[in-house]
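For reference, the structure is listed below as structure tokens.
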Amino acid sequence: MGKDKHHRDWILRRCCGSIAACILTLAVLVGFIVLVIYLAIHPSKPSFYLQDVQLRNIDLSDPAISLNLQVTIASRNPNDRVGIYYKTLHVFTTYRDEPITVPVELPAIYQGHKDVSVWSPVMSGESVPVGQYVADAMKQDISAGYVLLHVKVDGRVKWKVGSWVSGGYHLFVTCPALLAASGGNVGGAFAMSATAGGVGAGNATVSLKFAQAADCTVDV
């Protein structure tokens, strides 16, 4: 009986040791797989560039602001092995941190490795209420021959590695858009008329154009 009990204890210890070794091996393997996946899907955030702004009209005849403009925004996926799904993107324009256009939804797209995508949305705002100091500041800027707007993109992205797709991540992009009076020492190919009531005596027509392409700040 004693010999049989000793044999059973030895078998039990062997079984427990084998199970522990299997669990340890599995844990190491899972950890390795997680590390490989992390290194593979730890992507660089996309780059965004504001290529063009065409200001079609702007009206400051009352404290509210009305304007219409078209922008061209490009994004580039810098990753070699990670694709990007752009989901529920909205673009809008601000002036001195005040939204002055209605958000426009951009089409959802998939961006492959090293690919570049371009959007050219038209944005507008009709009698957008802003603080009096904001309207006054814009009139002063236009009189001085320049206006600094910011084009912003708000949405979500997903990363794709092989057939695996991640959960959604918040994407927020800010692009400076400097518009300057034509005839000055500025680049760019487009000049649009901006009618600004209250600038100078009565309504004045000033010609503003996009000064230069700009890199955007990207937060993911």
Side-chain angles (χ1 to χ4, degrees), residues 46-76 86 89-107 109 116-155 171-218:
S47 301
F48 276 73
Y49 310 92
L50 184 62
Q51 296 183 334
D52 188 32
V53 178
Q54 297 184 34
L55 181 62
R56 296 175 175 179
N57 63 73
I58 180 168
D59 188 355
L60 303 177
S61 57
D62 60 46
I65 294 176
S66 297
L67 79 164
N68 181 280
L69 73 165
Q70 183 173 15
V71 303
T72 301
I73 306 173
S75 70
R76 179 179 180 272
Y86 292 93
L89 296 179
H90 291 86
V91 60
F92 59 98
T93 306
T94 66
Y95 174 74
R96 301 207 173 196
D97 294 326
E98 293 272 358
I100 54 175
T101 65
V102 177
V104 173
E105 185 171 359
L106 301 178
I109 63 169
V116 174
S117 303
V118 179
W119 297 273
S120 294
V122 174
M123 293 180 284
S124 62
E126 185 66 31
S127 297
V128 179
V130 295
Q132 183 64 53
Y133 79 95
V134 174
D136 291 342
M138 183 172 283
K139 291 176 183 179
Q140 292 172 4
D141 287 348
I142 291 176
S143 295
Y146 68 90
V147 176
L148 178 61
L149 306 177
H150 285 89
V151 178
K152 300 188 177 183
V153 181
D154 190 10
L171 171 75
F172 193 76
V173 180
T174 301
C175 307
L178 178 62
L179 305 174
S182 62
N185 186 23
V186 295
F190 297 96
M192 293 293 171
S193 294
T195 302
V199 179
N203 288 349
T205 299
V206 294
S207 184
L208 299 174
K209 63 181 179 180
F210 186 45
Q212 61 184 10
D215 293 340
C216 308
T217 60
V218 181

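Side-chain atoms are counted along with the backbone in the values below, which use heavy atoms only and exclude waters and symmetry mates. Counting from 1, the numbers follow the sequence of the chain as shown.
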Between atom [atom1] of [X] and atom [atom2] of [Y], what is the distance when rounded to the nearest 0.5 Å?
{"X": "D52", "Y": "K209", "atom1": "CG", "atom2": "NZ", "answer": "11.5 Å"}
{"X": "S75", "Y": "I109", "atom1": "OG", "atom2": "CD1", "answer": "5.5 Å"}
{"X": "T217", "Y": "K152", "atom1": "OG1", "atom2": "NZ", "answer": "8.5 Å"}
{"X": "L208", "Y": "L178", "atom1": "CG", "atom2": "CG", "answer": "9.5 Å"}
{"X": "T93", "Y": "H150", "atom1": "OG1", "atom2": "NE2", "answer": "11.0 Å"}

| request: If a pair satisfies side-chain hydrogen bond (donor to acceptor under 3.5 Å, both in side chains) and one of its residues is in residues 118-135, list it, with sequence neighbours excluded. | output: T72-S120, Q132-D136
| said: Applying side chain to side chain contact (heavy atoms under 4.5 Å, CB included) to I65 and E98, what does each step give before you reach the verdict? | reply: CA-CA 11 Å; I65 294 176; E98 293 272 358; over 6 Å; no
Give me the atom names and distance for the closest heavy-atom approach of [X] to [Y].
{"X": "L50", "Y": "C216", "answer": "N-SG, 3.7 Å"}
{"X": "V116", "Y": "A74", "answer": "CG1-CB, 4.5 Å"}
{"X": "V118", "Y": "Q51", "answer": "CG1-OE1, 4.4 Å"}
{"X": "P121", "Y": "V91", "answer": "CG-CG1, 3.7 Å"}

Heavy-atom check, side chain of [X] versus side chain of [Y], under 4.5 Å:
{"X": "R56", "Y": "V122", "value": "yes"}
{"X": "L148", "Y": "P176", "value": "yes"}
{"X": "L149", "Y": "L179", "value": "yes"}
{"X": "L60", "Y": "I142", "value": "yes"}
{"X": "V71", "Y": "F210", "value": "no"}
{"X": "L55", "Y": "V147", "value": "no"}
{"X": "V173", "Y": "I73", "value": "no"}
{"X": "V128", "Y": "P99", "value": "no"}

| request: Apply side chain to side chain contact (heavy atoms under 4.5 Å, CB included) to D154 and list each qualifying residue two or more places apart in sequence or on a separate chain. | output: F92, H170, F172
| Which residues pass the side chain to side chain contact (heavy atoms under 4.5 Å, CB included) test with A137, sequence neighbours left out? |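 If we apply the side chain to side chain contact (heavy atoms under 4.5 Å, CB included) test to A137, skipping adjacent residues, the hits are Y95, R96.
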